[in-house]
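Working notes for the structure below.
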Amino acid sequence: MLLRTRTALKGSRTGLRAVAVIGCVLVVNLVEAVLPGAFPPWMRVEMLFIAAMMAALAASFRAHRNSPGGRR
């Protein structure tokens with residue numbers, strides 16, 4: 001994920017597409033985490049933790065893109 005984020009930050013369309021696909025997969029992961037009785041509790045906690053980490057990464061990506069030196 002970090003390599004794809006770096007290439008997306010450099011303006012690569014492939015890297016940006018990969019980050020978008022991973023983001024979509026995380027949304028599906030969140031939906032699965034809230035389905036009652038579908039997964040054991042420890043797996044739900046893991047899904048939510050990973051989604052939170054990815055949201056933090058996406059926020060830092062957005063902050064970098066919006067900073068004055070972020071776009072090249």
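Here the structure is a predicted model, which is why all the values come from computation and not from measurement. Residue indices begin at 1 and follow the sequence shown.
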Here the gap from Ile50 atom CD1 to Leu30 atom CG, rounded to the nearest 0.5 Å, amounts to 10.5 Å
Taking Glu32's backbone N and O only, do any of them form a donor-acceptor pair with Arg44's side chain (distance below 3.5 Å, no angle check)?
no
Remaining members of hydrophobic cluster (4.5 Å side-chain criterion), Met43:
Phe39, Trp42, Met47
Which heavy atom of Ala51 sits nearest a heavy atom of Leu26, and at what distance?
CA-CD2, 4.4 Å
